[in-house]
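Okay, structure first, notes after.
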Protein chains: 2
Amino acid sequence: MKAAKRTKLEANGWKIGSADEFLNLSPEESVYIELKLSLSKSLKQRRSKENLSQVEFAKLVKTSQSRVAKMEAGDPSVSIDLLVKSLIALGASPKDLANAIS
Amino acid sequence: MKAAKRTKLEANGWKIGSADEFLNLSPEESVYIELKLSLSKSLKQRRSKENLSQVEFAKLVKTSQSRVAKMEAGDPSVSIDLLVKSLIALGASPKDLANAIS
DNA sequence: TGCATATATGTCATATATGACATATGATCT
DNA sequence: AGATCATATGTCATATATGACATATATGCA
């Protein structure tokens with residue numbers, strides 16, 4: 001539950017330094033989580049820019065509002081696959097994705 | 001089985017134009033598959049550069065040789081998550097990943 | 001030829017991600 | 001206060017990804 005806990009903290013604004021400051025994450029875990037958070041953030045930005053509510057967006061990508069909320073929170077239960085597919089559905093190109101994570 | 005079929009073709013060098021030339025993939029599907037293929041390719045490159053066999057690499061990331069082969073083939077049964085985790089295990093940074101897909 | 005070593009492919013039991021639901025929290029109104 | 005809308009959180013049945021195994025297909029070398 002380490003990663004899960006930290007993700008929560010991050011999402012709620014508890015982040016102070018970067019990544020592995022808080023719990024004892026391996027560098028690999030840190031990179032992975034940072035990546036997911038980058039995508040989450042990008043997703044939220046894009047959805048907001050499109051003036052879509054989570055409910056509307058959920059309908060668009062055929063999922064539920066609750067899952068959208070979890071995507072944007074970087075919840076451990078959501079895969080990078082889902083984040084990427086959702087971003088693509090919002091029109092993101094490979095370059096957009098590259099920018100989001102770099 | 002559309003995407004699966006096409007991935008096979010691509011991986012075997014049948015690719016002529018780009019992405020959606022072959023089967024009737026939606027633009028979103030195309031982007032998703034291209035992304036996976038980029039990561040697959042990058043993974044194979046990195047592993048080769050490290051002079052690791054699939055068996056050795058499999059041990060390193062705690063999976064099996066067969067799964068490694070599937071990762072590198074862009075098999076539909078492998079997730080972006082797994083590809084990303086594997087790349088990170090080989091030392092790839094977020095920037096490296098960004099470069100790989102852009 | 002036979003014998004390694006490397007990679008590919010098919011299948012399957014189990015682990016994990018998924019959508020959906022209920023419900024909670026929060027913000028903004030009248 | 002209550003009402004409405006947006007977002008968050010917890011849980012669960014089912015779908016999908018996973019590692020592992022067997023086996024196939026190279027490729028090189030004695």
Side-chain angles (χ1 to χ4, degrees), chain A residues 1-14 29 32-33 35-37 39-41 43-89, chain B residues 1-14 29 32-33 35-37 39-41 43-89:
Chain A
M1 262 330 203
K2 292 189 305 182
K5 184 60 162 290
R6 214 196 62 84
T7 295
K8 285 280 184 55
L9 295 175
E10 286 260 283
N12 290 332
W14 283 97
E29 288 175 319
Y32 178 75
I33 292 186
L35 210 79
K36 266 180 67 170
L37 289 177
L39 295 173
S40 300
K41 203 171 158 186
L43 181 64
K44 188 164 194 166
Q45 284 177 345
R46 277 186 177 262
R47 179 181 62 80
S48 298
K49 202 157 201 169
E50 301 288 333
N51 277 90
L52 294 169
S53 69
Q54 289 186 345
V55 171
E56 292 168 323
F57 177 60
K59 203 161 292 179
L60 185 65
V61 296
K62 298 192 204 309
T63 181
S64 59
Q65 176 270 325
S66 55
R67 192 129 295 273
V68 172
K70 280 162 196 176
M71 287 189 220
E72 293 181 353
D75 190 283
S77 83
V78 340
S79 70
I80 291 186
D81 273 85
L82 187 59
L83 288 168
V84 164
K85 283 179 184 167
S86 301
L87 278 162
I88 292 174
Chain B
M1 262 331 206
K2 293 189 305 182
K5 184 57 164 290
R6 213 196 62 84
T7 296
K8 284 282 185 54
L9 294 174
E10 284 260 281
N12 290 333
W14 282 97
E29 288 175 319
Y32 177 76
I33 292 186
L35 210 79
K36 267 180 66 170
L37 289 177
L39 295 173
S40 300
K41 204 171 158 187
L43 182 64
K44 188 164 196 166
Q45 284 177 344
R46 277 185 177 261
R47 178 181 64 79
S48 298
K49 203 157 201 169
E50 301 288 334
N51 277 89
L52 294 169
S53 68
Q54 289 186 346
V55 172
E56 292 169 322
F57 177 60
K59 203 161 293 179
L60 185 65
V61 296
K62 299 191 202 311
T63 182
S64 58
Q65 177 271 327
S66 54
R67 193 130 293 273
V68 172
K70 279 162 197 175
M71 286 189 221
E72 293 181 354
D75 190 282
S77 83
V78 340
S79 69
I80 290 186
D81 274 85
L82 187 59
L83 288 168
V84 164
K85 283 179 185 169
S86 301
L87 278 163
I88 291 175

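Note that the structure is predicted; figures quoted are calculated from it, not measured. Chain A is the first sequence line, chain B the second, and so forth, proteins listed ahead of strands; every chain is numbered from 1.
Distance CG (L82(B)) to P (dA15(C)): 17 Å, rounded to an integer number of Å. Rounding to whole angstrom units, CG of residue D75(A) and P of dT7(D) are separated by 17 Å. Rounding to whole angstrom units, OH of residue Y32(B) and P of dT16(D) are separated by 12 Å. Distance L43(A) CG to dT7(D) P: 12 Å, rounded to the nearest Å. Between the CD atom of Q54(B) and the C1' atom of dT9(C) there is a distance of 12 Å, rounded to whole Å. What separates CG of L52(B) from C1' of dT7(C) is a distance of 15 Å, to the nearest Å. In this structure, CD1 of I80(A) is placed 15 Å from P of dA17(D), rounded to the nearest angstrom. Residue K44(B) contributes atom NZ, which lies 8 Å from atom P of dT7(C) at whole-angstrom precision.
Consecutive pairing runs in DNA chain C reach the stem threshold at C:1-30 with D:1-30, where a stem means at least three Watson-Crick or G-U wobble pairs with distances under 3.5 Å.
Of the candidates V61(A), L52(A), L60(A), R47(A) forms a side chain to side chain contact (heavy atoms under 4.5 Å, CB included) with just one, namely L52(A).
Within the 4.5 Å cutoff, the side chain of R67(A) has heavy atoms near those of the K70(A) side chain. The closest side-chain heavy-atom distance from R46(B) to L87(B) is below 4.5 Å. No side-chain heavy atom of L39(A) sits under 4.5 Å from any side-chain heavy atom of L43(A). Side-chain contact between M71(B) and L82(B): present, with at least one pair of heavy atoms (C-beta onward) separated by less than 4.5 Å.
Separation of atoms OG (S64(A)) and CD (Q54(A)) is listed at 10.0 Å; rounding is to 0.5 Å. Atom-to-atom distance recorded for E56(B):CD and Q65(B):CD is 12.0 Å, nearest 0.5 angstrom. One finds the CG atom of D81(B) at 5.0 Å from the CG atom of D81(A) (value rounded to the nearest 0.5 Å).
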Are any protein N/O atoms closer than 3.5 Å to N/O atoms in nucleotides 20-23 of chain D? If there are, list each pair with its distance.
unit_1  : atom_1 : unit_2 : atom_2 : d
dA20(D) : OP2    : T63(B) : O      : 3.4
dA20(D) : N7     : S64(B) : OG     : 3.1
dA20(D) : N7     : S66(B) : OG     : 3.3
dC21(D) : N4     : S66(B) : OG     : 2.6

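Here V78(B) lies in heavy-atom contact (under 4.0 Å) with sugar-phosphate atoms only. Using a 4.0 Å heavy-atom cutoff across all strands shown, K85(A) reaches no nucleic acid atom at all.
Listed nucleotides: dG19(C), dA8(D), dT9(C). Nearest to the side chain of E72(A): dA8(D). Residue S77(B) places its side chain closer to dT18(D) than to any other of dA6(C), dT18(D), dA8(C).
Residues V55(B) and M71(A) both approach DNA chain C. Their nearest nucleotides, taken by heavy-atom distance, put V55(B) toward the 5′ side.
Considering only side-chain N and O atoms, S79(A) lies nowhere under 4.0 angstrom from the phosphate OP1 or OP2 of dA17(D).
Judged purely by atom type and a 3.5 angstrom limit, K36(A) uses its side chain to pair as donor or acceptor with the backbone of V78(A).
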